[in-house]
Q: 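There's a structure below that I have some questions on.
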There are 2 protein chains.
Amino acid sequence: MSYSYDYPRPALTVDCVVFGFDDGDLKVLLIQRNEPPFEGEWALPGGFVRMDESLEEAARRELEEETGAREMFLEQFGSFGDVHRDPRGRVVTVAYYALVKLSDQSIRAETDARSAEWRPMRALPPLAFDHEMILARALARLKEKVRREPVGFELLPKKFKLTQIQHLYEAVLGRTLDKRNFRKKLLRLGLLVPLDEQETDVRHRAAQLFRFDRKKYLRLVEKGFHFEL
Amino acid sequence: MSYSYDYPRPALTVDCVVFGFDDGDLKVLLIQRNEPPFEGEWALPGGFVRMDESLEEAARRELEEETGAREMFLEQFGSFGDVHRDPRGRVVTVAYYALVKLSDQSIRAETDARSAEWRPMRALPPLAFDHEMILARALARLKEKVRREPVGFELLPKKFKLTQIQHLYEAVLGRTLDKRNFRKKLLRLGLLVPLDEQETDVRHRAAQLFRFDRKKYLRLVEKGFHFEL
DNA sequence: CCAAAAGTGTTTCACGTACACCCATGC
DNA sequence: GCATGGGTGTACGTGAAACACTTTTGG
């Protein structure tokens, strides 16, 4: 079976930059290619857009295939269509970035078919196609996003301590932050709820745990509130 | 002649939201469609991506066809691929917004083929396809952009007076601004050069004219400067 | 008692905001 | 001389940034 058109059409794919946060490290999900071109090299997860799914649906389908999860933060950040970006022919890709809670046990990286790994942003392998550029753009977008919307919490467990958020922001923004000022600003927003629970089994003073009050945030947004860190 | 593929492919287009500024009004270039679907209705300029041009090249080609100009500010802001967004079949579009100087005589709106018009954002006709949503997203993007990068000047003549910039910002942001505070903030940036020239033939006090110092801006950006209004 | 991370306040300075009147020009 | 928009300064309050020591816990 084949499909014919009066004019030639580029192939259309979606690619996903999936960010996770763990051990103070910002990580990205990479796939090792098992066929040419770029066989054996690392690439972003992605695939062709089907005729019966929207772009976002295609991205979520790919994400589910690679991580096992479907409900995660997902945002489109750009499309890439240089004529020679894929040696096999004309392929235009729509790129998304996703944020997942690596602490969530339902997230995995391995599939039977191809090997996938969480790689720290600090030490990435070379990537196939124009994926290094796409990844750089995703990170740039995440940097802006994380300061203007409370998406950082998408990367943390539901219960977290303040230093975890700070380390997350430091990893994303690529610079250190002042502990007292950071906590002051964060708590002043009034969006973190202290839980009746503390860190346990640590050999130093136990940290207070918090959760992000999403409902309150959404209510405030209705009234014109704007998150900013 | 026809082109065959093993799997079906969506058609791929680019659409452009072309903003202009004139008489205190933010305007958009619209095309009146002369064939179905949506015959007679207004739509954004756009067209199919050819196999030998990148996405941005496709957008610039369309822009040149519609406005006569090629060198203008242009930025991609999103791709739209809902399955039923075009009644003729599956069409995915990559959307750009462009900023043009309406004061520049080389900009026109009419082509022989189809009628094109500059319409004020304050009073838009209904648009074909999902173009109202695309336009809304373009405006949202412009609102953010104009406050974080000096793109407002792309919409003004090379020589302008301060109230023109203020009116531009008011039109884009959709709210009034305080004259003294606006001028203070703007001039403090040190990016406007007062010219040896004033407004003429006005029946009130003549305004000082300025130009934007792009070279100085680029030098400052190298050093980590960040424009913000 | 030692190591390790948690937690906590004050001062200083810059910037955002609110606000009202005189100036120059053409008719 | 009047109508029209151009141009200017101050006072106040809020928020950003810099900065160091005490607390708790397990080993």
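Fair warning: this is a prediction, and the values are worked out from it, not measured in the lab. Heavy-atom basis, side chains included; hydrogens, waters and symmetry copies ignored. Numbers restart at 1 for each chain; the letters A, B, ... are given by sequence-line order, proteins then strands.
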Q: Would you indicate, yes or no, if C:dA5 has its OP1 or OP2 atom less than 4.0 angstrom from a side-chain nitrogen or oxygen of A:T163?
A: no
Q: Name the residue closer to the 5' end of DNA chain C, choosing between A:R203 and B:A206 according to the nucleotide with the nearest heavy atom.
A: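 In this pair, the answer is A:R203.
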Q: Could you tell me how far apart A:L187 (CG) and C:dG7 (P) are, to the nearest whole angstrom?
A: 10 Å
Q: Do the charged groups of B:K159 and B:E199 touch, with an N to O distance under 4.0 Å?
A: no
Q: Main chain of B:L156, side chain of B:K101: is a donor-acceptor contact present, judged purely on distance under 3.5 Å?
A: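 Yes; judged by distance alone, with no hydrogens or angles, the pair exists.
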Q: Would you call the rings of B:F212 and B:F153 parallel, tilted or perpendicular, where under 30° means parallel and over 60° means perpendicular?
A: parallel
Q: Taking side chain to side chain donor-acceptor pair (under 3.5 Å) as the test, write out the residues that go with A:K145, two or more places apart.
A: A:E75, A:E149
Q: Which heavy atom in A:V18 sits nearest to a heavy atom in A:P45, and how many Å separate them?
A: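 For A:V18 versus A:P45, the nearest heavy atoms are CG2-CG, 4.3 Å.
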Q: Tell me: CD of B:E199 to C1' of C:dG26, nearest whole Å?
A: 12 Å
Q: Are B:E57 and B:R61 within salt-bridge range, i.e. N to O under 4.0 Å?
A: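 Not counted as a salt bridge, because no side-chain N and carboxylate O are separated by less than 4.0 Å.
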Q: Considering only heavy atoms of chain A and a distance under 4.0 Å, specify the first and last nucleotide of DNA chain D in 5' to 3' order that meet this criterion.
A: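 Taking any atom under 4.0 Å from a heavy atom of chain A, the span is D:dA16 to D:dG26.
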Q: By nearest heavy atom, map A:V202 and B:Q208 onto DNA chain D; which one lands nearer the 5' end?
A: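 Counting from the 5' end, the first nearest nucleotide belongs to B:Q208.
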Q: State, to 0.1 Å, how close A:S54 and B:D82 come at their nearest heavy-atom pair, and which atoms those are.
A: CB-OD1, 3.9 Å
Q: Taking protein heavy atoms under 4.0 Å as touching, what does nucleotides 11-21 of chain C look like 5' to 3' if B marks base contact, S marks sugar-phosphate-only contact and - marks none?
A: -----SBBBB-
Q: Between A:R148 and A:E228, does at least one N-O distance fall below 4.0 Å, as a salt bridge requires?
A: yes
